[in-house]
Participant: 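The structure under discussion is supplied below as structure tokens; questions concerning it will follow.
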Amino acid sequence: MNDYRFETEPRQVPIWGAAGVRERFSRPEPRSARTSSGRRFLFALVLMLSALYMARELKRGWVPSDEGTLAESAERVLRGELPHRDYHEGYTGGLSYLNALAFRVFGTNLASMRYMLLLFFLAWVPAVYYVASRFVSPPVASAVTLLAVVWGPPMYAAAMPSWYNLFFATFGLAALLRYIEVQTGGWLLLAGCGGGISLLFKLPGLFFVGGVLLFLVFREQTTSGVKPADHHNSLWYRIFVVASIVAYDALLFAMLRKSANNVTYLYFWVPELAASGAVIWHEFYFDRHRGARFQFLFRELLLFGFGLAIPVVLFLVPYLLTGNVGLLVRDIFAVSGQLIGQANMKPPVLWFLEGCVATVLLGGVVLLTRSKTVPQFWEVVLLGTPLALLIPAALLLARQTKYFYQLAWSTIWVLAPFIAVLGIGLLIRWCSHNRLGSMQRQQLFLTLSVMAACSLIQFPFSNTIYFCYIAPLVLLSATALVSVMDKPPRLAVGGMMCFCFLFALFELRPGFVYHLGVEYAPDTQTVRLSLPRAGGLRVTAESAREYEELNRLIRQHARGEYILAKPDSPEVYFLSGFHDPSGIFFDFYEDALGRTRRALAAIQLHNINLVVVNHRPPFSGPIPDDLRAALERDFPNRADAGDFEVRWKP
């Protein structure tokens, strides 16, 4: 680091009265004890409100196959099994170890995994607040944090790996923002660890890594070196940067085209192209005759990569010792390929078009009403009164009208690519006019790059809940962008934040994931599922009756340790306490050739006397006709529990 000097321009305070970020060598501004205690009280209040809201929603609702997959994996780990070797793990495998720990600490039931999620959530809230506070004042950062919370885990409090991807992306973003300020390598190492752990929970953790790699290239461009430039080295570095970025974008395109419509490219690929284009533009537009560029970049890549490798290597130890690394890699990528082929959902074209039109119109209205000076009191009243009346009217329309509900959702959903592209475009413009200092450029680009990359978690399954897995990052990116604008439209932004908060709280939350983004629905997840292993989750009355009756039939007629439940029924095994003979949670994971033969062989091997047939599997098709005929012949007794057919031998 001694070979470089870092730009330290005068600190520019964001318009919203933010404390902002300080350059590395700037002296902290004096703060009165009263101001400091007020900030601590405000943060404590935000944390307490967030914790109470999350605790209220913690046991509400379930998607049975999600809960079953997570719980079955964790219980198998508790029994000493190794993910991917002894059973087909649906994710990378790290979450199964964490959930196994939750079972060990809190008990073997579905609620235990959510208790562990709550602990991580309580660590995530301060990270969101910290990131927001780098751009805006503590009161505004508090409002941003609460808005991120209502759009985040409380919306669907299952311990899904995608929530952990969000948590560790936020932790990594916070660490990198701190690294920009203090330039201490430990923060870069910590960000790498966050990326590695996220990857171990679910493969889309790689998207965060991709966003950070783009940032590190951009960061090198904004840092001036004291060593004289070497023409040949600069040329080779330039070729390396362009080739790497082109390869990155081509790889993304190859991944997206496996399950794509036109919106797939516009929503996911174009923001990444914008971030990549900014790096290439910056490379050719600014020529500061920097020297030792490879050395600077590779030093930071090495630190980040070392942090990334630490958790990954630790996870690989049992596979290395047993010689199963190849099996692990094949299983992970085979499952990912099958998910793209079987469990995909393309982003809706109509929603994207409606959202774009509404966003552009709203942006135009905001620009027309934006005051070029600090608004006077009469202006606030004149503009604020219609806004105060418009928000409840819009909420009422969303509740009463399905079309308006979907329009509001699509307008918010399309903000992810809109903010990424707009933010990158403004960043390029501000850089060309030398409006932003080095630190501000890095902070803004980092936030936008991470958000654009992490948005890919919605691919290939663009279900509405998947937007919530990145909505807090979209909010933080919007906060970063608005904070560096000249004379931002505070009233309009405040009104939009208020609407989004109330829309999530009163219109989206009650309908749960089954109605999210489609139409308003009242909360029906109100009945306690009274099974020993359910952990007191609140579900619909219909679902409670179905699974309680199913569990009664299984407990009454099953003998031994094993039953067979097909297709896509991992929750049946966990809730009943009986073992799965196959280790395959979803039938589409399995090779269709010989499926009936393997099922009948498992029945014979484990002396199974009871089978369960799921007539409404979430992903796979119905069981083959020859298997159904064999089950009807060998298991003549039958009873039904909702969508499940239970058969047993006399």
Side-chain angles (χ1 to χ4, degrees), residues 91-92 94-95 120-121 124 127-128 130-132 144 148 151-153 155-156 160-177 191-216 218 248-249 251-252 255-256 264-276 278 304 308 336 347 412-424 443-481:
Y91 305 107
T92 316
L95 180 58
F120 276 82
F121 171 83
W124 173 72
V128 174
Y130 177 83
V131 172
V144 168
W151 276 87
M155 195 74 76
Y156 174 41
M160 301 302 294
S162 299
W163 290 131
Y164 288 98
N165 287 145
L166 170 64
F167 293 162
F168 284 101
T170 310
F171 296 153
L173 177 59
L176 288 166
L177 287 172
C193 284
I197 297 173
S198 181
L199 168 61
L200 294 180
F201 278 54
K202 193 177 180 182
L203 207 57
L206 283 172
F207 299 143
F208 167 75
V209 176
V212 174
L213 293 180
L214 274 180
F215 159 72
L216 292 178
F218 181 84
Y248 173 72
D249 290 326
L251 185 64
L252 285 179
M255 180 188 74
L256 293 173
T264 302
Y265 299 116
L266 293 173
Y267 194 96
F268 298 118
W269 198 47
V270 168
E272 288 292 279
L273 285 178
S276 300
F304 181 76
L308 179 71
S336 299
I412 296 170
W413 170 67
V414 86
L415 284 177
F418 188 86
I419 289 173
V421 174
L422 176 65
I424 293 295
Q443 290 172 324
L444 181 57
F445 184 86
L446 169 65
T447 311
L448 293 171
S449 178
V450 167
M451 183 270 288
C454 290
S455 293
L456 287 161
I457 200 171
Q458 299 176 82
F459 176 85
F461 195 62
S462 296
N463 194 305
T464 49
I465 187 59
Y466 277 73
F467 174 73
C468 296
Y469 295 141
I470 56 104
L473 295 177
V474 177
L475 175 62
L476 291 173
S477 296
T479 302
L481 179 60

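Just so we're clear, the structure is a prediction, and the values are computed from it rather than from any experiment.
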Participant: Compare every heavy atom of Pro472 with every heavy atom of Leu166, then report the nearest pair and how far apart it is.
Facilitator: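 Where Leu166 meets Pro472 most closely, the heavy atoms are CD2-CG, 3.9 Å.
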Participant: Trp413 versus Thr464: any side-chain heavy-atom pair under 4.5 Å?
Facilitator: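 Sidechains of Thr464 and Trp413: no contact.
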Participant: Does Thr447 use its side chain to pair, donor to acceptor, with the backbone of Ser477 at less than 3.5 Å?
Facilitator: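 Pair absent, no side-chain N/O of Thr447 close to backbone of Ser477.
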Participant: Less than 4.5 Å apart, side chain to side chain, heavy atoms only: is that true for Ile424 and Phe445?
Facilitator: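 Answer yes - side chains close enough.
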Participant: Can you give me the closest heavy-atom contact between Ala453 and Glu272, atom names plus distance?
Facilitator: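 Of all heavy-atom pairs spanning Ala453 and Glu272, the closest is N-OE2, 3.3 Å.
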Participant: Could you measure the distance from the CG atom of Leu481 to the CG atom of Leu476? Nearest 0.5 Å is fine.
Facilitator: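 Answer rounded to 0.5 Å: 12.5 Å.
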Participant: Does Phe207 reach the side chain of Asn165, with side-chain heavy atoms less than 4.5 Å apart?
Facilitator: no
Participant: Can you check whether Tyr156's main-chain N or O pairs, donor with acceptor, with Trp163's side chain at less than 3.5 Å?
Facilitator: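 Yes; at least one donor-acceptor contact below 3.5 Å.
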Participant: Locate the shortest heavy-atom distance separating Leu475 from Val144; write the atom from each residue and the value.
Facilitator: CD2-O, 3.1 Å
Participant: Are Val209 and Phe304 close enough that some pair of their side-chain heavy atoms sits under 4.5 Å apart?
Facilitator: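 Touching, per the 4.5 Å side-chain cut-off.
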Participant: Would you say that Tyr164 contacts Leu95 through its side chain, given a criterion of any heavy-atom pair below 4.5 Å between the two side chains?
Facilitator: yes
Participant: Between Leu473 and Thr170, is the side chain to side chain contact (heavy atoms under 4.5 Å, CB included) condition met? List the steps.
Facilitator: CA-CA 8 Å; Leu473 295 177; Thr170 310; 4.0 Å; yes
Participant: Parallel, tilted or perpendicular for Phe120 and Phe167, by the 30°/60° rule?
Facilitator: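 It falls in the parallel class, under 30°.
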Participant: Would you mind reporting whether Tyr469 and Pro204 have side-chain heavy atoms less than 4.5 Å apart?
Facilitator: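 Answer no - side chains too far apart.
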Participant: Atom CZ in Phe171, atom CG in Leu176: separation rounded to 0.5 Å?
Facilitator: 13.5 Å
Participant: Does any part of the side chain of Leu456, heavy atoms only, come nearer than 4.5 Å to the side chain of Leu252, both counted from C-beta?
Facilitator: yes
Participant: Could you walk me through whether Met255 and Phe268 pass the side chain to side chain contact (heavy atoms under 4.5 Å, CB included) check?
Facilitator: CA-CA 11 Å; Met255 180 188 74; Phe268 298 118; over 6 Å; no
Participant: Work out which heavy atom in Pro417 is nearest to a heavy atom in Leu266; give both atom names and the distance.
Facilitator: CB-O, 4.2 Å
Participant: Quick check: closest heavy atoms across Gly172 and Phe208, and the distance to 0.1 Å?
Facilitator: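 Taking every non-hydrogen atom into account, CA-CZ, 3.7 Å.
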Participant: Spell out, as yes or no, whether a donor-acceptor pair under 3.5 Å connects the side chain of Thr92 to the backbone of Leu199.
Facilitator: yes
Participant: Please list, chain by chain and in numerical order, all residues satisfying ring pair (Phe, Tyr, Trp, His ring centres under 6.0 Å) with Phe215, sequence neighbours excluded.
Facilitator: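 With neighbours one apart ignored, the set is empty.
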Participant: Classify the ring geometry of Phe121 against Trp124: parallel below 30°, tilted from 30° to 60°, perpendicular beyond 60°.
Facilitator: tilted
Participant: Does Phe459 reach the side chain of Tyr466, with side-chain heavy atoms less than 4.5 Å apart?
Facilitator: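 Not touching, per the 4.5 Å side-chain cut-off.
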Participant: Which heavy atom of Pro347 sits nearest to which heavy atom of Ser462, and what is that distance?
Facilitator: CD-OG, 3.6 Å
Participant: For Phe168 together with Phe201, are the ring centres under 6.0 Å from each other?
Facilitator: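 Ring centroids of Phe201 and Phe168 are less than 6.0 Å from each other.
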Participant: Would you sort out whether Ile470 and Gln458 count as a side chain to side chain contact (heavy atoms under 4.5 Å, CB included), showing the intermediate values?
Facilitator: CA-CA 9 Å; Ile470 56 104; Gln458 299 176 82; 3.7 Å; yes
Participant: Working note: Leu214 + Tyr248, criterion side chain to side chain contact (heavy atoms under 4.5 Å, CB included); need CA distance, chi angles, decisive distance, verdict.
Facilitator: CA-CA 10 Å; Leu214 274 180; Tyr248 173 72; 4.0 Å; yes
